[in-house]
Amino acid sequence: MPYFDYNATTPLYPEVKETWLDTVNNNWQNPSSPYQSAARVKNLLEDCRQYLADVFQCKKEHVIFNSGATEGNNAILHHILTHSNESEKVIISAIEHPSVIETAKKLFPNRFELLPVDNNGVVKLEILEKLIKKNKICLVSVMAANNECGAIQPWQDVQSTCQKANIAYHCDASQAIGKIQCDNLFNSDFVTGSAHKFGGPKGVGFLVLGNDSCNFNSLIGGAQEMGHRSGTENLAAIKGMITALKCSLKNFDIKKENLQINLKKFIDAITKKIPGLNIIGNQNNRLPNTVMAIMPNFENIRWVLNLDKLGFQISTGSACATGKNVPSHVLAAIGYSNDEIKRSVRISGGWNNSNEDWSQLANAFEKVSENLKNSPKTTIVIP
Ligand code: PMP
């Protein structure tokens, strides 16, 4: 069953399953307990923290383990709320994940500026500069790469603009880690990530703090994670995440190039097979595994369900919005109409997809196109 929805979640690398099982069998003790077996677990936990610090080139004590990017994003916004005053605003890019954008709207109802994007889905830096000049800003949040259209954001520029203006910068790197080079990303004040986006378990992730953010408030009070995030650490999941990162960094350039080649061939094939199909964004500035398209006709859910019947799993956009019947805020921000958004589909591949899977997916699109033209219009009810 070829799976092409890696941006929603990924299968576990086999090595991750082994690590997870080995840890729940042999190192299940509470890392905070006062005996030798627990001290061993604590050491393993700290080895995981050191590994992330080495990969991300940051200080070990700035790496906080948590349940994933939704939690990390929420924790940062709550922290900023308690460390800012009423006259300061937050700038949030218009294409952020709902865990950023919805939380920011709720916590900062009158202190909230949306940073627009261009027609390739990339934030407009000149508007960021203007907003910073016009307002007192306490946080800028711009993700590394967008989960729906795959557009890579200019985080280096946002980071240096924020540094010059002495403003905290948060980067949600959930979709970038394991897919593209993340040089310099961890010089930001706050970076969030999620293991299940790069072959690790669900319900585990991290938050990396910058040098000046170490007075970080915990969203959940208590003692673990240096007081920054409480609750007994899930070593099996954390070790699984580290193994997943190691697997995704192994032969990184070759895997990335293969994905890019397959994605390009796939795009060439479907644009020929389905006239009128519109690819979103700039091919040279997109995640190597992701493409979003506006289909020339038929509602996106009909494409998705029909492809599913043929054994191919793709999505209409963000899994977090599927079934909610709300048009994608990302595509709306890029400037697509509601009618176009209803025809959008997202294909996001990964390491398990062979060349053959990609070419069969293009053929399946052609088949579904024929089937839909010949089938009566039916109302779709999402369970
Ligand atoms: N941010 C982005 C960009 C995402 O794609 C996702 C997952 N859809 C999240 C945050 C939420 O991550 P998690 O599932 O770890 O809560």
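As the structure lists them, so they are numbered: ligands from 1, and atoms in each ligand from 1. Given the structure is predicted, the values throughout are model-derived calculations rather than measurements.
- Heavy atoms of Lys202 come nearer than 4.0 angstrom to ligand 1 in no pair at all.
- Atom numbering of ligand 1 starts at 1 in the shown order; those under 4.0 Å from a heavy atom of Lys197 are 5 (O), 6 (C), 7 (C), 8 (N).
- Close N/O approach between Ala8 and ligand 1 is not found [any backbone or side-chain N/O within under 3.5 Å].
- By the ring pair (Phe, Tyr, Trp, His ring centres under 6.0 Å) test, Phe312 pairs with no residue at all, sequence neighbours left out.
- At under 3.5 Å, a nitrogen or oxygen of Asp172, whether backbone or side chain, sits near a nitrogen or oxygen of ligand 1.
- Ion pair Lys60/Asp54 not flagged as a salt bridge, since none of the NZ, NE, NH1 or NH2 atoms sits closer than 4.0 Å to an Asp/Glu carboxylate oxygen.
- Heavy-atom proximity to Gly68, at under 4.0 Å, picks out these atoms of ligand 1: 15 (O).
- Ion pairing between Arg49 and Glu46 holds under the 4.0 Å rule for side-chain N and carboxylate O.
- In this structure, Glu96 does not count as a contact residue of ligand 1, since none of its heavy atoms falls inside 4.0 Å of the ligand.
- Of the polar atoms of Gln175, at least one N or O is found under 3.5 Å from an N or O of ligand 1, judged by distance alone.
- A salt bridge is defined here as a Lys NZ or Arg NE, NH1 or NH2 lying under 4.0 Å from an Asp or Glu carboxylate O, and Glu113 with Lys89 meets this definition.
- Under a 4.0 Å criterion applied to the non-hydrogen atoms of Met143, ligand 1 contributes the atoms 3 (C).
- Close N/O approach between Ser194 and ligand 1 is found [any backbone or side-chain N/O within under 3.5 Å].
- A salt bridge is absent between Asp268 and Lys272; no separation between the charged side-chain nitrogens and carboxylate oxygens falls under 4.0 Å.
- Against a heavy-atom cut-off of under 4.0 Å, Thr70 is close to the following atoms of ligand 1: 11 (C), 12 (O), 13 (P), 16 (O).
- With a 4.0 Å cut-off on non-hydrogen atoms, Asn147 touches ligand 1 through its side chain and not its backbone.
- Partners of Tyr13 according to the ring pair (Phe, Tyr, Trp, His ring centres under 6.0 Å) rule, which considers only residues two or more places apart in sequence or in another chain, are Trp351.
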